[in-house]
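I am attaching a structure below and will ask some questions about it afterwards.
Quick note on labels: first sequence line is chain A, next is B, and so on, each numbered from 1. What you see is a predicted model; the values in this text were computed from it and never measured.
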Amino acid sequence: MASGELKGHFDVAVAKDLSGKESTSAVSTGDGDGIQITCFTEDLNDVTFHFQIIRLEKQIYAWIGCNSAKLGHLYAAAPTRPNNAVSVASILGGASDNTGSSIARRIVLKTGLNVILACNIPKNSPMLEADAERKLMEKLKELGYTRSRSQGSVLSNS
Amino acid sequence: MDHHSGRRFAVPHKKLSLDIKGTKTDLIICSYDDYFLVMVTQIGSMGTILHAKKEEGVSIHPTFAVSVIFGKRDEPMLMACARQLIEHISNSGSSKPLVLSLGLKDHSLETLKGVASALIENRLW
């Protein structure tokens, strides 16, 4: 397998967060939309939360790290037909605790986005969950990724 | 908000864009404490998500378990791509498992080979 098989231009954007503050990097391409990765860290009530939001064209990936950089449990959530009810599936890590799945559900409820959420918040920590969810929602709104559900389904049919 | 000056974000990551068979392909590689997360997309979403890990064992040659955890379960080329990457990760000295998402327009050999070689060239392991 030779790298000669790769044709065309090769744009590499290495995104590093140097100061621990928020960093958003976007690769903009000719058609005007690129993937945006936003990473930031916050201390809330002596707990360090790390957030990573990757915005794809039709989907959002978010990771919440609670005091560590482990991936945690992975959930997929989206509005589903026929009435845009929210469905959540646990895809990695098991569903014996709902930490993360309820955050994913509420993000989709409030934003109408198609979401993959990774979350390593320990179970039985409703305060941590609430803090993390609030912060993540704030950031999603601030970045302009949220859409009012009254604007209709945001699932693309193409 | 507390500023952690001088420190990098907890999860190193890399993002790049390239052309495979005429289709713009975005690659994102993230290194968590306990996983590598690799996203490859041509379709604006993560697509099919696979999990691959090295199995514990005492024999000289490691074995690997690859499975689809979300999406298409009938595309052997996707599994093959994950299998190739986890072996490369393992041979590079890391025993972290892999979560790989492939949102591709086609599942041809040429495309998957292009994907695998781009990822290996830009690896974080």
* Asked: Can you say whether B:I29 sits under 4.5 Å from chain A via the side chain, the backbone, both, or neither, judging by heavy atoms?
  -> neither
* Asked: Can you tell me how far CD1 of B:I69 sits from CG of A:L74, rounded to the nearest 0.5 angstrom?
  -> 5.5 Å
* Asked: Of the non-hydrogen atoms in A:L56 and B:G44, which two are nearest, and what is the gap between them?
  -> CB-O, 3.4 Å
* To do: Please round to the nearest 0.5 Å and tell me the distance separating atom CG of A:L71 and atom SG of B:C30.
  => 9.0 Å
* Structure fact -> Ranking B:S31, B:A10, B:S101 by heavy-atom pairs under 4.5 Å to chain A gives rank one to B:A10
* Asked: So, do B:I49 and A:L92 sit near enough that their side-chain heavy atoms are less than 4.5 Å apart?
  -> no
* **Distance (rounded to the nearest 0.5 Å) between A:I54 CD1 and B:K15 NZ** => 9.0 Å
* Report the distance from atom CG of A:N114 to atom CE of B:M46, rounding to the nearest 0.5 Å. => 10.5 Å
* Flag the pair B:Y32 / A:N120 as yes when at least one side-chain heavy-atom distance between them is below 4.5 Å, and no otherwise. => no
* To do: Answer with yes or no whether the hydrophobic clustering places A:M137 together with A:V88; edges join I, L, V, M, F, W, Y residues whose side-chain heavy atoms lie under 4.5 Å apart.
  => yes
* With the 4.5 Å side-chain cut-off for hydrophobic clustering, are B:L124 and B:L102 part of the same group? -> yes
* Structure fact -> So, the part of B:L27 with a heavy atom under 4.5 Å from chain A: the answer is neither
* Asked: Would you say B:E55 has more than 12 foreign heavy atoms packed within less than 6.0 Å of its CD?
  -> yes
* **A:K70, NZ: over 12 other non-hydrogen atoms inside 6.0 angstrom** => no
* Asked: In Å and rounded to the nearest 0.5 Å, what is the CZ to CZ distance from B:F9 to A:F51?
  -> 9.0 Å
* Under 4.5 Å heavy-atom distance to chain B, tell me which part of A:F49 shows up: side chain, backbone, both or neither. => neither
* Structure fact -> d(B:I28 CD1, A:Q52 CD) to nearest 0.5 Å is 8.5 Å
* Applying the 4.5 Å side-chain criterion to the ILVMFWY set and letting contacts propagate, would B:V115 and B:I43 be lumped into a single cluster? -> no
* Asked: Is B:L104 linked to B:L109 within one hydrophobic cluster, defined over Ile, Leu, Val, Met, Phe, Trp and Tyr using a side-chain heavy-atom separation of less than 4.5 Å?
  -> yes
* Asked: Is it the side chain or the backbone of A:I91 that comes within 4.5 Å of chain B heavy atoms, both, or neither?
  -> both
* Would you find more than 12 non-hydrogen atoms of other residues, nucleotides or ligands less than 6.0 Å from B:K53 atom NZ? -> no
* Asked: Taking C-beta and beyond as the side chain, do A:H50 and B:V11 meet within less than 4.5 Å on heavy atoms?
  -> no
* **B:S45 versus chain A, the contacting section by heavy-atom distance below 4.5 Å** => both
